[in-house]
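Right, one structure below, let's go through it.
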Amino acid sequence: MNDLFSPFTLRGVTLKNRIGVSPMCMYSCRDDGVPTDWHMQHLVSRSVGGAGLVITEASAVVPEGRITPADVGIWNDAQMEAHARIVAAVHATGSVAGIQIAHAGRKASRAAPWVHGPAVPSWTCMAPSAEAFEGFAVPHAMTEAEIAATIAAFVAAAKRSVQAGYRFIEIHGAHGYLAHQFCSPISNRRNDAWGGDFEGRTRFVREVATAVRAAIPEDVVLALRISHTDWVEGGWTTEESVELARRVKALGVDVIDVSSGGLDAGQKILLGPGYQVPGAAAVRQGADIPVAAVGLITEPAQAQAILTEGKADLILLARVLLREPYWPLRAAVELGRTPTLAIPPQYERGWNTLAKLEMDRTVAVPMQAL
Ligand SMILES: Cc1cc2nc3c(=O)[nH]c(=O)nc-3n(C[C@H](O)[C@H](O)[C@H](O)COP(=O)(O)O)c2cc1C
């Protein structure tokens, strides 16, 4: 049985527990893609909060691949140096720093969610086919040369990520962004070698995975986030996700991070606690590869049950950690584990006392321990 607080090793990387911070865009750069103090506090608060893995938000591999002009980038050295400072701070708390490398394709070039008003596109988007996402401009269909250049940009981004010190690199293949746009028959209408059947539609993500794996050290973890289903009739399916996971495992991908949706405005998501966990379990079982589960996992017992039932190897949390950055420590206390499994030594005294009180409220805690 995998305990939420048991270590998890992939290649040369050991996470101190099975809890990860899911990538979350902060839309907080100054139009240059350089991570700021906001990103530093956002990521380090959550590593201090006890998560074994902290994944930096979708970081664009080229400027046109950003969702908004305020996105983080990883296409130049100034960005890399700012990432490196965050990585060092995360590692100093005992967590492992990861990064998601991304290209938004036809869903690029919009404003941050809290910037209201008309969506004024900042640049022309490209995608596998000239098929717009609802409400967005029609993208231009990528040429062979643009596909090759984009794969090369993922490789350069992965190398810079390694240079910054990241030990876990996740390719963003979910949520209707570029790699997912290639995989889904809804957004990929090509009839060349980059579209058509499963083989053609998954070629882009497989080539990115192969090229990135070849460019990073053996001991660095390579992850792929997928949307296991489009939640649309005639779209990308869980069965295809299982097959893709089998294929990329053979290419050196170590873990699949299983999300869903985001490709088509007609999606009908069956929302509820742990709603994407069945997808994670299907990929884990069908492809025999470690998986991360994510999506409305909010309670410690719920997270533990997912691991106990063999549905996932790692639990990623997003929104609950915005409310509660110290969730892993609460989980340790609630599940009766020693909170010091998650806590940096500087903060041990605060949580040791709480754990004692929680575990046996009848025990009189001596004054000197408080
Ligand atoms: C503010 C915010 C930003 C997000 N940004 C990203 C992102 O950069 N990359 C990504 O793959 N998912 C992103 N997501 C999705 C989360 O990683 C996660 O998959 C989703 O919120 C479901 O998990 P939850 O129910 O624990 O929030 C974002 C979610 C939120 C709330």
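Residues: numbered from 1 along the sequence shown. If you're wondering where the values come from, they're calculated on a predicted model, not measured in any experiment. Counting starts at 1 for both ligands and their atoms, in listed order.
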- Under a 4.0 Å N-O cut-off, is there an ion pair linking Arg85 with Glu81? no
- Can Arg66 and Asp71 be counted as an ion pair, charged N to O under 4.0 angstrom? no
- Query: Do ligand 1 and Leu316 have nitrogen or oxygen atoms that lie under 3.5 Å from each other?
  - Reply: no
- Message: Looking only at the side chains, is there a donor atom on one of Ser28 and His39 sitting less than 3.5 Å from an acceptor on the other?
- Response: no
- Task: Flag His172 as yes when one of its N or O atoms lies below 3.5 Å from any N or O atom of ligand 1, and as no otherwise.
- Result: yes
- Note on the structure: Sorted by chain and number, sequence neighbours left out, salt bridge (Lys or Arg N to Asp or Glu O under 4.0 Å) with Glu348 holds for none
- Query: Which residue holds the protein heavy atom closest to atom 5 (N) of ligand 1, what is that atom called, and what is the gap in Å?
  - Reply: Cys25 N, 2.8 Å
- Item | Basic-acidic side-chain contact under 4.0 Å: Glu131, Arg106 | no
- Item | Shortest protein heavy-atom distance from atom 2 (C) of ligand 1, along with the residue and atom involved | Met24 CG, 3.7 Å
- What protein heavy atom is closest to atom 10 (C) of ligand 1, reported as residue, atom name and distance in Å? Arg225 NH1, 3.3 Å
- Item | Heteroatom proximity flag, Leu322 to ligand 1, N/O under 3.5 Å | no
- Query: Are Asp254 and Arg213 close enough for a salt bridge, meaning some N to O gap below 4.0 Å?
  - Reply: yes
- Query: atom 7 (C) of ligand 1: which protein heavy atom is closest, and how many Å away?
  - Reply: Pro23 O, 3.3 Å
- Item | Proximal ligand 1 atoms for Val294, defined as those under 4.0 Å from one of its heavy atoms | 18 (C), 19 (O), 23 (O)
- Atom indices of ligand 1, in the order listed, that fall short of 4.0 Å to a heavy atom of Gln100: 7 (C), 8 (O), 9 (N), 10 (C), 11 (O)
- Message: Pairs of nitrogen or oxygen atoms closer than 3.5 Å, one from Leu317 and one from ligand 1: do any exist?
- Response: no
- Query: Against heavy atoms of Ser22, which atoms of ligand 1 measure under 4.0 Å?
  - Reply: 16 (C), 17 (O), 18 (C), 19 (O)
- Lys16, NZ atom: more than 12 neighbouring heavy atoms under 6.0 Å: yes
- Note on the structure: Residue pairs meeting ring pair (Phe, Tyr, Trp, His ring centres under 6.0 Å), one or both in residues 292-349, sequence neighbours left out, come to none
